[in-house]
Amino acid sequence: MERYITTSTMILAILISVAVGAASATFPPVVLMHGFQADSSELDFMASLIQKNLPGVYVKNLNLGGYDASIWRGMNDMVVEMCKEVANDPVLRAAGAINLIGTSQGGMVARGFVERCNDPPVLNFVSWVSPQGGQYGVPGYLNTTLGDLLDKIAGCCIYDTFWQDAVSFAGYWRDPYQHELFVNKSLFLADIDNLGPNKNSLYKQRISSLKNLIMGYSEVDDTLRPMENGWFAHFKEGGEVALTWLEDSLMYKEDWIGLRTLNESGRLHRFKTRCAHDDYQSENCFVPAFMTNVMPFLSLPLNVTL
């Protein structure tokens, strides 16, 4: 059963705050992180949309190695590079804080950034159709050769260290039939979810420090499985139908990474769209969804807090 708070009150408060502070607004810079089988050009339209609505804002559209590297590269390696790229940008450092948007796989890299380095610190983190709860299933749209290869890897040895370090989506692969193997062998998702016996207190501290975490999934998504993993849901152990929703997970109940803290303080926001998974530019779907669910948070000037 889905359980979540509405965001209308928060968004209204944000709009009022923006109106009050707009005259002397300095908007936090925005960092964008693209997804799987893509490069930074995937988010060029999003960058332009942000700049059009927030005059003068600095947008850094990351490109971590390009198209091939978004597939044939481990998640941990991508997070390390993102931490370096962001920390070494003089504009981002001078601002002292940033807003962060990750799309699809990029939302996983972005969460890794928040938990593992967070330098400069993130104010508002937007996870747009990102498999935060873990992925189980190779997308059918992939060409036959690549899809068949990834299927074979998933079926035989995806939790082997070699593949965890060599294939991006291996890092957030969550097999409901091999839960213990996932917990013990996943080098990325199991770690940033703090599933191991030794909890990293910095992960919770950094997620809890966010002003807001905004996450969404698409009700027509044919790439993420389950599609609701954008809200940290995942398949229950032993099957591919029933879901474990965020609030029902031990990670949430015991607040291993700070999501419960965010939710109970009104800083965890959820939305749905009916846009295609890779739609980051359509005028009839993406733009209104982005303007309604994301732009109000990006519009908070640095000198305005809630």
Side-chain angles (χ1 to χ4, degrees), residues 1-18 28 97-102 107-108 110-118 120-134 172 174 183 189-217 226-236 242-273 289 292-300 302 304-306:
M1 178 180 176
E2 301 175 20
R3 300 198 300 271
Y4 58 95
I5 61 172
T6 61
T7 62
S8 58
T9 301
M10 172 64 78
I11 290 177
L12 177 60
I14 290 172
L15 292 174
I16 293 172
S17 297
V18 169
I98 63 173
N99 286 324
L100 176 61
I101 303 174
M108 305 303 295
R111 177 153 73 98
F113 170 87
V114 173
E115 294 187 31
R116 291 181 176 173
C117 47
N118 204 34
V122 175
L123 298 170
N124 299 291
F125 169 36
V126 179
S127 171
W128 186 281
V129 295
S130 298
Q132 299 293 348
Y172 50 92
R174 188 171 194 143
V183 171
L189 182 57
D191 176 69
I192 64 172
D193 278 357
N194 246 348
L195 301 184
N198 300 314
K199 310 302 181 192
N200 189 326
S201 60
L202 283 176
Y203 291 178
K204 178 179 179 179
Q205 177 183 322
R206 287 167 175 161
I207 290 290
S208 300
S209 72
L210 294 170
K211 297 292 185 183
N212 297 284
L213 194 165
I214 306 97
M215 56 187 185
Y217 77 86
M227 66 179 67
E228 298 89 350
N229 61 20
W231 283 4
F232 283 86
H234 58 82
F235 289 124
K236 286 186 176 181
L243 299 178
T244 296
W245 292 93
L246 173 61
E247 286 87 348
D248 297 323
S249 68
L250 200 58
M251 177 186 74
Y252 178 88
K253 292 177 180 178
E254 298 190 359
D255 208 18
W256 291 343
I257 64 169
L259 293 175
R260 182 172 180 174
T261 295
L262 289 180
N263 197 30
E264 292 182 347
S265 59
R267 292 179 288 143
L268 183 63
H269 313 278
R270 287 167 252 212
F271 67 92
K272 302 176 188 177
T273 78
T292 298
N293 298 294
V294 176
M295 192 59 72
F297 294 96
L298 305 183
S299 301
L300 278 173
L302 277 171
V304 174
T305 59
L306 291 179

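Side chains included, hydrogens not; waters and symmetry mates left out as well; all remaining heavy atoms used.
- Rounding to the nearest 0.5 Å places CZ of Arg206 at 14.5 Å from CZ of Phe125.
- Side-chain contact between Val122 and Leu210: present, with at least one pair of heavy atoms (C-beta onward) separated by less than 4.5 Å.
- Under the 4.5 Å side-chain criterion, counting only non-hydrogen atoms from C-beta, Met215 is not in contact with Ser130.
- At least one side-chain heavy atom of Ile98 sits less than 4.5 Å from a side-chain heavy atom of Phe113.
- Classification of Asp191 and Arg116 as a salt-bridged pair holds, one side-chain N sitting under 4.0 Å from a carboxylate O.
- Residue Gln132 holds its CD atom at 15.0 Å from OH of Tyr217, rounded to the nearest 0.5 Å.
- Phe297 and His269 have tilted rings, their planes meeting at an angle from 30° to 60° on a 0 to 90° scale.
- Side-chain contact between Asn263 and Leu246: absent, with no pair of heavy atoms (C-beta onward) separated by less than 4.5 Å.
- Side chains of Phe235 and Asn229 form no contact here, defined as non-hydrogen atoms less than 4.5 Å apart.
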I'd like to know whether Ile257 forms a side chain to side chain contact (heavy atoms under 4.5 Å, CB included) with Ile192, so could you lay out the CA-CA distance, the side-chain angles of the two residues, the decisive distance to 0.1 Å, and finally the verdict. CA-CA 8 Å; Ile257 64 169; Ile192 64 172; over 6 Å; no

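- Nearest heavy-atom pair across Glu264 and Tyr252 is CG-OH, 4.4 Å.
- Side chain of Asp255 to backbone of Arg260: a donor-acceptor contact under 3.5 angstrom is found.
- For Ala233 against Pro226, the heavy-atom pair with the smallest separation is O-CG, 4.3 Å.
- If you take NZ on Lys236 and OG1 on Thr244, they are separated by 5.5 Å, rounding to the nearest 0.5 Å.
- Screening Thr261, Leu213, Asn124 against Arg267 for a side chain to side chain contact (heavy atoms under 4.5 Å, CB included) leaves a single residue, Thr261.
- Across all their heavy atoms, Ala97 and Pro28 have their closest contact at O-CB, 4.3 Å.
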Output, in order, the C-alpha distance, side-chain angles, deciding distance and verdict of side chain to side chain contact (heavy atoms under 4.5 Å, CB included) for Ile207 and Leu259. CA-CA 7 Å; Ile207 290 290; Leu259 293 175; 4.2 Å; yes

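- A salt bridge links Asp193 with Arg111; the closest basic N to acidic carboxylate O contact falls under 4.0 Å.
- Annotation for Ala110 and Gly102: closest pair CB-CA, 4.4 Å, computed over non-hydrogen atoms.
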List the steps, then state whether side chain to side chain contact (heavy atoms under 4.5 Å, CB included) holds for Phe271 with Thr292. CA-CA 10 Å; Phe271 67 92; Thr292 298; over 6 Å; no

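- Note: Glu254 CD to Lys204 NZ = 10.0 Å, rounded to the nearest 0.5 Å.
- Taking each heavy atom of Trp128 and Ala289 in turn, the nearest pair found is CH2-CB, 3.9 Å.
- Between Trp256 and Asn194, the shortest heavy-atom distance links the atoms O-ND2, 2.9 Å.
- Using modelled atom types and a 3.5 Å distance limit, the side chains of Glu247 and Trp245 yield no donor-acceptor pair.
- Atom OG in Ser127 sits 10.0 Å away from atom CD1 in Ile214 (nearest 0.5 Å).
- Once rounded to the nearest 0.5 Å, the distance linking CG of Leu300 with CG of Asn212 reads 7.5 Å.
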